[in-house]
Asks: 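Quick one: the structure is below, questions incoming.
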2 protein chains.
Amino acid sequence: MGRTPRRRSQKERSAETSSRLMAATIDLLHDRGITRATTPDIARAAGVSRGALTHHFPTRETIITASIANMLHLVNEDMRRFGREFAESGGSSDEIVDYLWKVMSDRLFYVTMEYLPEARHNDEFKAQLVPVVREFHAGLDAIWTELAARTGADPEHTRNVMNATMCCIRGMIAQTVLRQDQDYYDGLLRFWKDQVRQQFPGKAGEAKGKSRKRAAL
Amino acid sequence: MGRTPRRRSQKERSAETSSRLMAATIDLLHDRGITRATTPDIARAAGVSRGALTHHFPTRETIITASIANMLHLVNEDMRRFGREFAESGGSSDEIVDYLWKVMSDRLFYVTMEYLPEARHNDEFKAQLVPVVREFHAGLDAIWTELAARTGADPEHTRNVMNATMCCIRGMIAQTVLRQDQDYYDGLLRFWKDQVRQQFPGKAGEAKGKSRKRAAL
DNA sequence: ACTTACAAACAATCAAGCCTGTTTTTGCAA
DNA sequence: TTGCAAAAACAGGCTTGATTGTTTGTAAGT
C-alpha cells in the first residue's frame, strides 16, 4: 500500500529491467521455443514495453545471446558452489551425476536445444556463446578433478568418464522430447551411476543409499 | 540430346518431384537450419516451382514432417541391412558403435536437432514423428538383441548399454556444435568402445584392430 | 541542461497460404 | 485407334499477417 519507490538510480532501473527481460527471454525460450519467442512476447512477459526492450537490447539476437550468457553465468555460480560443498563433504560419484542431471534437465539443456541450431548456422551468434560455454566446462572440470584427486583415479580416465557422463545426460534429455517414459530415464540414470561408481574406488565410489534399492520401489 | 522423356506416368512424375522436394528439404534443414528452410527455398533447391510444392504438400509443416519421416525410413532400411550383415558376419561391439556413430553424425542427428525444438512445442508435429522414431528404435533393438543372444549377455543389461550408447552419441553430436575438436571426439568414442567391449565376453567383445592402436597414430 | 530510461507508433520485409491459370496424363466412349 | 472431358501435375501471382528494426516523443534521473 503505502509503497512509494521514489528515486531508484538509473543503474538500478536499468539492471532490473534488463534482468526481467533476460529472465522472461529464458522462460519463453523454454516454454514456447526460440521461434515463438518474439520481441513483443518477451516484452509482454517481462511487463515492460517493447520500446524498453529495444532500448536495452537493440536487436533480437542481442537479447537472446545476453539471456543465454546470463543463464550460463548463474549456472556456473551454482556449479562452483556445489563443487566447494562436494570437496568439503567428500561426496560420492553418484552425487555428481545426480547433481548434473538435475542441473541439465532443469531447463538448462532444453534451452540449449533451442539455440543450438541457431549457433550451428550463425557464426556471430555462436561466437557470443563459446566463451561462456567454456567457462561452464571449466567449472565441470574442477568438480571431477577434485574427485579424481581424492580417489587417486587416473585424471585422463576421469575426464573421459566426465565427458561420457555429460554426453549421456545430453542425449537422454534430447530423447525425452520424443519419448516420455520416466521409468526408462530413471533406470538408465541408475545404470550409469553404477557404471561410474565402479570407476572410483573407496568411499567416493560407494553409494550410501545404494541406487539399486530404488529399483525395488 | 536425343532425349525425349515422353509420357512419364503421373505416378512417376508425382513420386519424383515429391522425392526431390523431400530431399531438398532435408538438405536445407541440415545446411541452413529449420528456420531458414522456407518453402520458396525448398522449391528452388528442388528445382520446381512453389506451386508444385504446395500441390504436393499443402503446408510447410506437411513437407517437413514428410521429409523427416522419409529420411527415417531410409535410415531404418540401412540399419536393417546392417543388422542382417552383422548377424551373419558375427561382428564385434566396436562395429556397432562405429556404425551408429557414422549413421547419427552423417546428418541424421543434426537434422534431428533442427526439429526437436519444434516437436517439443507442437503436439501435432510431434505426433507425426513418434511412430517412425519408434520404428527406428525397433531396428536398433534388433541389432543389440542379436549381439546379446550371441554373447550370452543379459538382455536387460545389453539394452542399458545400447541406450547409454545412443545417448552418448547424441550428446557428443550436440556438443560438436559449440566445440569443434576432432581429437576429443575420437578419444571419447574410443573410450566408449572400450567400455562397451568389456560388457560382451568372447569374440564379439574382442576388437580385431584393437581400438587403442589408433591412439598411437 | 543533458543524458538515460521508457513508451508507442511506423515502415519495410517476407513467408505462408490461397487462388487462378496452364500443361500433361488418364479414362472412356465413339 | 482416336477424340475428348476430367483429373492430376505444375506455374506463378496476390493477400494477409506477423515480426523486426527504426524513429519520434515523453518521463525520470544526473
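Chain letters run A, B, ... following the sequence lines, proteins first and then strands; every chain starts at 1.
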Asks: A/Phe82 and A/Ile96: which non-hydrogen atoms are nearest, and at how many Å?
Replies: CZ-CA, 4.1 Å
Asks: As a test of reading the structure: which of C/dG17, D/dT20, D/dT30 is closest to the side chain of A/Ser9, going by heavy atoms?
Replies: D/dT30
Asks: In whole angstroms, how far is the P atom of D/dC14 from the CZ atom of B/Arg50?
Replies: 14 Å
Asks: Which is more 5' along DNA chain C, the nucleotide nearest B/Pro40 or the one nearest B/Lys11? Just name the residue.
Replies: B/Pro40
Asks: When we call it a touch if two heavy atoms are under 4.0 Å apart, what does A/Thr54 touch: a base, just sugar-phosphate, or nothing?
Replies: base
Asks: Taking C-beta and beyond as the side chain, do A/Leu189 and A/Tyr185 meet within less than 4.5 Å on heavy atoms?
Replies: no
Asks: From CZ of B/Arg44 over to P of C/dC14, roughly how many Å is that when rounded to an integer?
Replies: 12 Å
Asks: Whole angstroms only, please: what is the CZ-P distance between A/Arg32 and D/dT19?
Replies: 11 Å
Asks: Among D/dC10, D/dT20, C/dC6, which is the nearest nucleotide to the side chain of A/Ser49?
Replies: C/dC6
Asks: Just how far, in rounded Å, is C1' of C/dC6 from CZ of A/Arg8?
Replies: 11 Å
Asks: Consider the side chain of B/Ala52, meaning its heavy atoms from C-beta on, and name the nucleotide among D/dT19, D/dC10, C/dA15 that approaches it most closely.
Replies: D/dC10
Asks: Which nucleotide in the set D/dA11, C/dA5, D/dG21 lies at the smallest distance from any side-chain heavy atom of A/His56?
Replies: C/dA5
Asks: Please give, in whole Å, the distance from C/dA16 P to B/Asp41 CG?
Replies: 9 Å
Asks: When you measure from the side chain of B/His55, which nucleotide among C/dA5, D/dC10, C/dA9 comes out closest?
Replies: D/dC10
Asks: Side chain of A/Arg13, heavy atoms from C-beta onward: which of D/dT19, D/dG29, C/dG17 has the nearest atom to it?
Replies: D/dG29
Asks: Rounded off to whole Å, could you give me the CG-to-P distance for the A/Leu21 and C/dA7 pair?
Replies: 10 Å
Asks: Rounded to whole angstroms, how far apart are CZ on B/Arg36 and P on D/dT20?
Replies: 14 Å
Asks: Is there side-chain contact between A/Met172 and B/Arg170, with at least one heavy-atom pair below 4.5 Å?
Replies: no
Asks: Assign each of A/Thr38 and A/Gly51 to its nearest nucleotide of DNA chain D by heavy atoms, then name whichever residue's nucleotide is nearer the 5' end.
Replies: A/Thr38
Asks: Using heavy atoms to find the nearest nucleotide of DNA chain C for B/Glu61 and B/Gln10 separately, return the residue whose nucleotide is more 5′.
Replies: B/Glu61
Asks: Within a strict 4.5 Å, meaning less than it, do heavy atoms of the A/Thr158 and A/Thr145 side chains meet?
Replies: no
Asks: Using a cut-off of strictly less than 4.0 Å, decide whether A/Thr17 has a side-chain nitrogen or oxygen near OP1 or OP2 of C/dA5.
Replies: no
Asks: State whether B/Phe86 and B/Arg150 meet the cation-pi test: NZ (Lys) or CZ (Arg) under 6.0 Å from the six-membered ring centroid, and within 45° of the perpendicular axis.
Replies: yes
Asks: Using whole Å, report how far CG of B/Leu53 lies from C1' of C/dA16.
Replies: 11 Å
